[in-house]
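One structure below.
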Amino acid sequence: MRLKSAASIFLLGFAVLLSGADFFATTDPVAMNPALPYLPPESIHFRGPSGDLRLRPYIVRRRPVSGQFGAYTQQGAAALPLHFFVIEKQSSASLAEGSVKLRFCGIRSESPGALPGALPGDSPHFLGTDQYGRDVWSRLLYGGRTTVAIGLTAALCASLLGLGFGLIAGVYGGWVDALVMRLTEIMISVPWFYLLLALRAMLPLRTTPVAAVVMSTGLLALVGWARPARILRGAVLESRQRGYVKMARASGASLAHLVRWHLVPDVTPLAVTQFTILLPQFIASEVALSYFGLGVDEPLLSWGVLLTAAQHLSSLVDYPWVMSPIWAMLPFFLALHIVSDSRDRSPQLTMLTEPRLNSSLPLERV
Amino acid sequence: MHPLARRLLYSLVSLIAISMLCFALLRAAPGDYFSELRLEPGLSQKTLTTMEEQSDLSKPLIERYALWCKAAVRGDFGLSLTYHLPVVQLLGERIANTLMLAGLGLLGAWILGLLLGSVTGWPAIAARAFAALLWSIPEPILALLLLLGALRFHALSPLVEISSPAGSSWMHLRSLAGRIALPALAMTLGYLPVVLRHVQRGLDAARRAPAVEAARAHGFTRRRILLSYLLPEAATPLISLLGLGIGSLLSASLFVEVLFGWPGLGQLLLNAILARDTNIVVAGVLCSAVMLITGNLFADLLLWLHDPRLRAVAR
Amino acid sequence: MYEPSGRPRPLSTQAARLILIFLAIAFVSTQTLSGQALRVAGASGLPGGKLNCSLRAEPKTLNPVFAMDVSSRAVTSVMNADLLHINRKTDVVEAGLARSWEVSRGGQTYTLHLRRGVRFSDGAPFTADDVLFSFRVYLNPDLNAPQRDLLIIDGKPLQVTKVDSLTVRFDLPRPYAAAARLFDGLAMLPSHLLEPLEKSGKLKDAWSIATPPAQLAGLGPFRLKSYRPGQAVILERNAYFWKQDPAGHALPYLDEVDFAFLANQDAESVRFAAGQLDLLARLSADSYAVLEKQAPQQHFQMMDGGPGLEFDFLLFNLNSDVAGRLPEAAAAQKWFSQSVFRRALSLAVNRDVLVNLVFQNHAAPLATPVTPASQTWLNPLAHPDKQDLPQARALLTSAGFQSRDGALFDSAGNRVKFTILAPSSNRQRSEIASLLRRDFAELGIDAQVVSLEFRSLLQRVTQNHDYDTAVMGLSAGDTEPNGNLSLWLSDGSLHLWNLGQKHPATQWESEIDDAMHRQMYMTNMAERRKTYFRVQQIYREQMPFLSLASPHMLGAAQAGLLGVLSSALDPAMLDNVAVFSWKR
């Protein structure tokens, strides 16, 4: 159980970090710095060069090698002290125009040793920078916020839709079942990609980025419910055969009662599993969506956008830090799985003490 | 009507609906096959217009669909705009390759999934971490990593030869086995987390089933409990998943095919989708739908065999 | 004889012609004529070996008449040959299947003398009948060969007449400046194989990727050995090839050329680094950088061929059918239609940063769509704009724009904001859009980047004109002015900023039309250059779209591969594949 609490705490921390992206990010995630492309991550130092403890932690800013793209040297590197709770004025190209942001940490531009080419909004780059000198840490946080929001919402909607259709198909059976199943077949086979393209063409060009996000979310959910529906329908069929369901039916329970008190609790754990499977899949499809121009556009960011940009041999070989979303997703998914496992111990299930059925009884429709 | 016959009839209706939707969506999507030719410096507007008129694309949608249906009934799925070849011929050459690759990948994922999913205790946590890792790495990057790894070690390089050497059929078979190993592994790893997750959840729930507890109380060996009690108890959603897996064979192998240069349907279909080559897309989608329907039929059959009570319903 | 550098017209007596041929050889210096086979000067290599190349996509066809995509062109160019050929190094037209040619009637008649004893790859002799057949195919209006439009001069097709079995005369409707260049890349077809198909109307579907090798024949250094669907096309040495090295050894040196289909550029680079591929063409700057880092240990030949013919630009929607139909695009057009506004935007763009970040310095900033690859034709006075924000602001103020709190408003008080379309599948172009957005923000303009799938973008740009601006890239068809004809002419298919004009919409467009039409028929080189410089000057004054950068032609080859040359014209690195050889 300790594992589960640890995972829950981790998820909570993750949620705080992402929802507080405005505060925890060190700079504007879309601000480019042409002077610092592919800067490697800068670690925080607490001890000075001679091993003395510093009250104010600092980072060491490497210097670009002139004439070489993305090459840095320690020679002439400057120690930049970190300041906490820094107020940053946003440039006009940023997310929120002209607004003032409180950042949990940053560099004072008047710091001695700041680079000659440093911009006013210069900041520490804990996870380095990408090809355009944008801060990976800030992009990770802002992107994660969008991605997790899209993924959670879409996965939730898709699992609920799947649960609903699975129940309908499983409970009513017959032609309803056949209809729903044909519908899922169509949903899974037809290339909805074209529908997405057509929809995007119909939307006005100047949709707000948020509207685009809502559209992606809706589409993912709309297309994604078919698989869980099929799997859940199987589970409903099975649950219908359970003795307690039949007993309840025999003792005159209404359909609503059966669904509410027996079938839904029976298949909920499976629905939760579906959710935990859909979430990573949707995050992956978000990458594909942005490849086809149906994803998130600047100035909004997502892990999909980050990973699309990083899906390149050079990032794998030379600049692994731009792949940071992978390293953020790993513990996130792990914790999510561990936490969702505990949901399986639902009281209804553990209370079951029903012997396996004798199968000779003909089954009625529940 | 016999249930199987009814099922087949339903499936036919599905296929017709899918083909209609395909046509409608292709029409609705912006751009057409000729969009890119408009940027050809040597081509005049007039030439382009004649090209468009000569193709079917200028006809109304309903007429095009009717023509397509008429030909499709005779097994003729039209010509590809891009390759000037019959679609059946293009698809036929590649479909076996995709089935082979995806089938192997799926098989691997199921074997590994069942093995890793049935462990308990700390190994189970490790299996979860492994699954989380596979979830986190996008498929194209995973495939690229495998390729890099295989090429770094020269002993493995036969696995990623680009083309097979000409020679005896034995040589050919061996080289094929070598070349399919890595893409199939990439597919396995891509699909493994889905299987693993379902197996883990199913077995977790099954462990608390009374029959299993009873078996445990009887002191049966763990293996016997797993094989005779746990797996049957957890089987239902897994069988549905298996059916779905067969249905998604074609789409699942897309990235892997592109990265490893595997001569399957995936590349052809992806390019056709981007190029709006209608006939290839429709035929490819129908292929995939037939696979899906077959997979679901297979799954329902398995469910039926697995659960005697369902047989009672059918009667 | 056609002299591309504009020397006096040669005499027409036989003796003078012979002397001049030798003079030309001395000037060109890479090729010598001796007997009937063409001797390629400087070529020396050991025969044997195999070349492994890759293609990003499967070829669509093996028919040189209908090959339009990069992959099909790469394969067909190796399997076929042309009558005259542009030397990729010197950009001068040289002898090909025609051993010599002469120009008469003031540049209206070209008489080409074919080489004796040339055979197709299946052994059949190549004669004037094949030339006649080929041009009949290219000019057939029912076949819609993409080359057809190039062979129609002043609305009339060129006339082809057989003089004898080795002499063909081409009559042009009027003198045409770049006539000799037209022959480059026009594959000569075997009439013995294709004529029956043409007669039965099946030529369009002939020579598909499913055609058995025995039914194909060409005059190129290699011929089809086998085709593996979805996997590779394998070419073998054409034993009948008509070029030799100076020592008299038959070319090509290589026994086999394999093209594997690898859609993914990373997979391609990884396989190259592992030695499975020998040659990479059209590398992106990222891939080039990765391989460049490994080059010192692995001794790759890294080839930066300098700017190619591609130019990336920001397109403004100046289409006249927008007004009333598309209110948003029309609102933005009020700003775009002012040349001052366009010039101000050009001054806001930091092309150096763009070249540095997007192309990692493997690109050239551009002043006009004419890239440095067309050196002769580049107006020396047109310099790429350097970022100059104060001047840009001054221009805007002069046009009545006002800046309030860092935001730009037009004289009617509307905030200046528009969208920049970028193709989502092309990472570099979408990053260019982000950089432009950043630069325009400096002027107080709110530009929003919208990524669209490529065909969706094309539909907006070429068909319904529902867009504000778009980041695009085009490639000129040739290094000389006619390569950009359809871009400049107001009724051209690539006059993207205002398509479908019946009459030039503006004064300056009609001036460009006029100049471009005139230069086509000028035979005086200096005068033609001057005219084209004037076109570029008008472009600089009007700036109908913003030329941004021209990416370099990047490539890589394994250390032991000799003879590789990168060029701006197609096929990027395979033009002289006949003289490729392996170091022992």
Side-chain angles (χ1 to χ4, degrees), chain A residues 3 178 181-182 185-186 188-195 197-198 200-201 227 230-235 237-238 241 269-270 273 276-277 280-281 284 287 307 311 313 316-317 323 325-327 329-334 337-338 341 344-345 349-350 352-357 359-363, chain B residues 6 10-11 13-14 17-18 21-22 25-26 28-31 125 128-129 131-133 135-141 144-145 148 193-194 197-198 200-201 204-205 208-211 236-237 239-241 243-244 247-248 273 281 285-286 288-289 292-293 296 299 303 307-310 312-313 315:
Chain A
L3 193 66
M181 286 305 103
R182 297 297 84 73
E185 272 164 13
I186 294 174
I188 296 175
S189 317
V190 166
W192 296 107
F193 165 71
Y194 285 115
L195 178 71
L197 288 184
R200 184 68 193 88
R227 277 158 211 278
R230 282 204 83 103
I231 291 172
L232 288 168
R233 171 243 184 195
L237 281 184
E238 197 196 22
Q241 324 296 337
L270 189 57
T273 310
T276 57
I277 286 169
Q281 281 182 341
V287 180
L307 280 177
Q311 255 176 44
L313 187 61
L316 207 62
V317 180
M323 304 263 225
I326 292 178
W327 306 114
M329 278 193 273
L330 174 60
F332 174 59
F333 290 151
L334 185 59
H337 285 185
I338 291 171
D341 282 345
D344 285 355
R345 308 216 186 285
L349 266 180
T350 38
L352 302 180
T353 48
E354 169 253 355
R356 275 187 91 82
L357 267 194
S359 59
S360 62
L361 278 173
L363 279 165
Chain B
R6 192 168 53 210
Y10 283 157
S11 305
V13 174
S14 284
I18 288 167
L21 264 170
C22 266
L25 286 176
L26 271 163
I125 303 286
R128 278 181 173 76
L133 179 71
W135 278 131
S136 315
I137 304 179
E139 233 178 356
I141 295 181
L144 194 60
L145 276 172
L148 264 174
V194 180
R197 190 83 198 114
H198 276 99
Q200 277 171 346
R201 195 224 66 93
D204 269 3
R208 292 182 302 271
T236 310
I239 291 173
S240 301
L241 183 72
L244 283 173
S248 53
I273 283 180
V281 176
V285 168
L286 284 182
S288 164
L292 181 76
I293 289 168
N296 287 338
L303 274 180
D307 196 333
R309 293 164 305 186
L310 287 174
V313 179
R315 223 181 291 128

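Computation of the quantities below employed the complete heavy-atom set of this structure, encompassing side-chain atoms and omitting hydrogens, waters and symmetry-equivalent molecules. Proteins get letters first, then strands, A, B, ... in listed order; numbering begins at 1 in each.
- Using a 4.5 Å cut-off on side-chain heavy atoms (C-beta onward), L334(A) and I125(B) make no contact.
- Contact detail for S240(B) and G234(A): the closest heavy-atom pair is OG-CA, 4.2 Å.
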Point to revise | Evaluation steps, side-chain contact (heavy atoms from CB on, under 4.5 Å), between L148(B) and L313(A) | key: CA-CA 10 Å; L148(B) 264 174; L313(A) 187 61; 4.1 Å; yes
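- Side-chain contact of T273(A) with R197(B): a donor-acceptor pair under 3.5 Å is absent, judged by distance alone.
- You'll find the side chain of I277(A) reaches within 4.5 Å of the side chain of H198(B), heavy atoms only.
- S14(B) has its side chain within reach of R182(A): a pair of non-hydrogen atoms, C-beta onward, lies under 4.5 Å apart.
- Residue contact with chain B, scored on non-hydrogen atoms closer than 4.5 Å, involves the side chain of M323(A) exclusively.
- Contact annotation for L292(B): only side-chain heavy atoms (C-beta onward) come within less than 4.5 Å of a heavy atom of chain A.
- The residue among V194(B), L286(B), L26(B), L21(B) with the most heavy atom pairs within less than 4.5 Å of chain A is L26(B).
- Most heavy-atom pairs under 4.5 Å with chain A: of the set L145(B), I18(B), I141(B), this distinction falls to I18(B).
- For the residue pair P269(A) and R201(B), the shortest heavy atom distance occurs at CB-NH1, 3.4 Å.
- Side chains of R227(A) and L241(B) form no contact here, defined as non-hydrogen atoms less than 4.5 Å apart.
- If you measure heavy-atom distances from L232(A) to chain B, you find no contacts under 4.5 Å at all.
- Looking at V13(B), there are no atoms closer than 4.5 Å to chain A (heavy atoms on both sides), in backbone or side chain.
- I239(B) does not touch chain A: none of its heavy atoms, backbone or side chain, sits under 4.5 Å away.
- Heavy-atom distances place the side chain of L316(A), and not its backbone, under 4.5 Å from chain B.
- Separation of atoms CH2 (W135(B)) and OG1 (T276(A)) is listed at 8.0 Å; rounding is to 0.5 Å.
- When side chains are defined from C-beta on, M181(A) does not count as touching N296(B), because their heavy atoms never get closer than 4.5 Å.
- Heavy-atom pairs under 4.5 Å with chain A were tallied for S11(B), A129(B), A17(B); the largest tally goes to A129(B).
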